[in-house]
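Below: one structure, written as structure tokens.
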2 protein chains.
Amino acid sequence: MVKAKKELFDQELQDAARFFKCLGHPARLAILQYLASTDTCIMGDLSDELPLSRTTVNQHLKALKELGIIKGEVEGVRVNYCLNGDVMERLKKMSIHFLDSIHSCSSTSCS
Amino acid sequence: MVKAKKELFDQELQDAARFFKCLGHPARLAILQYLASTDTCIMGDLSDELPLSRTTVNQHLKALKELGIIKGEVEGVRVNYCLNGDVMERLKKMSIHFLDSIHSCSSTSCS
DNA sequence: ATTATTTGACGTAATTATACGTCAAATAAA
DNA sequence: TTTATTTGACGTATAATTACGTCAAATAAT
């Protein structure tokens, strides 16, 4: 790659793409599902649940944290992870807004 | 990477992740927006519109075609691209279903 | 018939993502 | 105090993505 070109697109598209990309791995979707299913969740719970090592799970958590989709409450040596309701809501709205703005063509050339 | 682990997750999660991943690049979102805005669209139109070379645009089109999100009608030497309404609808439903299934926790530990 | 368009296949370089092990620091338990 | 847990930082190897140029084949235009 000579140069990354993502920054040449509309900011809105970049933001949307970042969110979608973060949802673009089954491990991260599984993490979100697990966090939605429980109140208390530390990393060990996740790496027990997922077929991945602790370090890899940590990496996926980092990606989700960077977008603010999840947050971690430090409790001593442990960190209790949970979803960020506000960001999840924004993410949901953004997805629906974007997908609704895309309506398929109805011309005869598109069978 | 010793081995890809994606296939160890639920098929449903894998499918959802594949769709989200495909939406995870601003160029592909821009392509979808453009296709939604016009009836007739050949690749030259897209590479004029986007800040990317024709070959790169072609690569993104390929990714979208592989998931069935768009389709191309061959018209002589040209290919008229358009959205696949059915798949777009499925994608929309899947997104909403998945995101709705994730509701943030309400415990006191999650402020 | 010759020239111009348009596309997809192929190859390639650079970047990013994925997966994991090891280690040190911090806290908890013994 | 010593030992065990838990986490995040760091490094590393492999795979995938992104971006582009070149080329041949097919069709359209001259």
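Below, read A as the first sequence line, B as the second, and so on, with proteins coming before strands; counting in each chain starts at 1.
Residue A:R54 places no side-chain N or O under 4.0 Å from the OP1 or OP2 atom of C:dA19. Taking 4.0 angstrom as the limit, B:T55 places none of its side-chain polar atoms (N or O) nearer than this to OP1 or OP2 of D:dC20. Proximity of B:K5 to the phosphate of D:dA16: no side-chain N or O atom is located under 4.0 Å from OP1 or OP2. One finds no side-chain N or O of B:H60 lying less than 4.0 angstrom from the OP1 or OP2 phosphate oxygen of D:dT17. OP1 and OP2 of D:dA19 both lie 4.0 Å or more from every side-chain N or O belonging to A:K6. Remark: B:H25 is in phosphate contact with D:dA19, judged by side-chain N or O atoms under 4.0 Å from OP1 or OP2. Residue B:K21 places no side-chain N or O under 4.0 Å from the OP1 or OP2 atom of C:dA17. Side-chain N/O atoms of A:T56 include none lying less than 4.0 angstrom from OP1 or OP2 on C:dA19. Remark: A:Y81 is not in phosphate contact with D:dT7, judged by side-chain N or O atoms under 4.0 Å from OP1 or OP2.
Residue B:L64 is tested with B:N84, B:V87, B:I70 for a side chain to side chain contact (heavy atoms under 4.5 Å, CB included); the sole match is B:I70. With A:H60 as the partner, the side chain to side chain contact (heavy atoms under 4.5 Å, CB included) test is satisfied by one option alone out of A:N58, A:T56, A:V57: A:T56.
Comparing A:S53 and A:V77 by the nucleotide of DNA chain C that holds the closest heavy atom to each, the one mapping nearer the 5' end is A:S53. Two residues, B:M43 and A:L52, neighbour DNA chain C, and the one matched to the more 5' nucleotide by heavy-atom proximity is B:M43. Each of A:V79 and B:A27 was assigned the nucleotide of DNA chain D with the nearest heavy atom; the assignment lying further toward the 5' end belongs to A:V79.
The base of C:dA17 lies outside donor-acceptor range of the side chain of A:Q59, with no N or O pair under 3.5 Å.
Separating the CG atom of B:N58 from the P atom of D:dA24 is a distance of 18 Å, rounded to the nearest angstrom. For the pair A:E73 CD and C:dT27 P, the interatomic distance rounds to 16 Å; values are reported in whole Å. Following rounding to the nearest Å, A:F20 (CZ) and C:dA17 (P) show an atom-to-atom distance of 17 Å. Distance A:L46 CG to C:dC20 P: 15 Å, rounded to the nearest Å. Taking atom CZ of A:F9 as the reference point, atom C1' of D:dA19 lies 11 Å away to the nearest angstrom. The interatomic distance linking B:R18 (CZ) with C:dA17 (C1') rounds to 17 Å, in whole Å. We find that CG of B:L50 is positioned 15 Å from C1' of D:dC20, with the value rounded to whole Å. If you take CD1 of B:I31 and P of D:dT18, they are 11 Å apart, rounded to a whole angstrom.
The distance from atom CG of A:L99 to atom CE of B:M94, rounded to the nearest 0.5 Å, is 8.5 Å. The line from CG of A:L35 to CE of A:M88 is 10.0 Å long, rounded to the nearest 0.5 Å.
In this pair, B:H25 and A:F9 present their aromatic rings perpendicular. The plane angle is above 60°, beyond the 30 to 60° band.
Here the nucleotide nearest the side chain of A:R28, chosen from C:dT18, D:dG8, D:dT6, is C:dT18. Considering only the side chain of A:I42, D:dT7 comes nearest among D:dT7, C:dT6, C:dC20.
Taking both residues in full, the closest heavy atoms of B:L13 and A:P26 are given as CD1-O, 4.0 Å, listed atom of the first, atom of the second, then distance.
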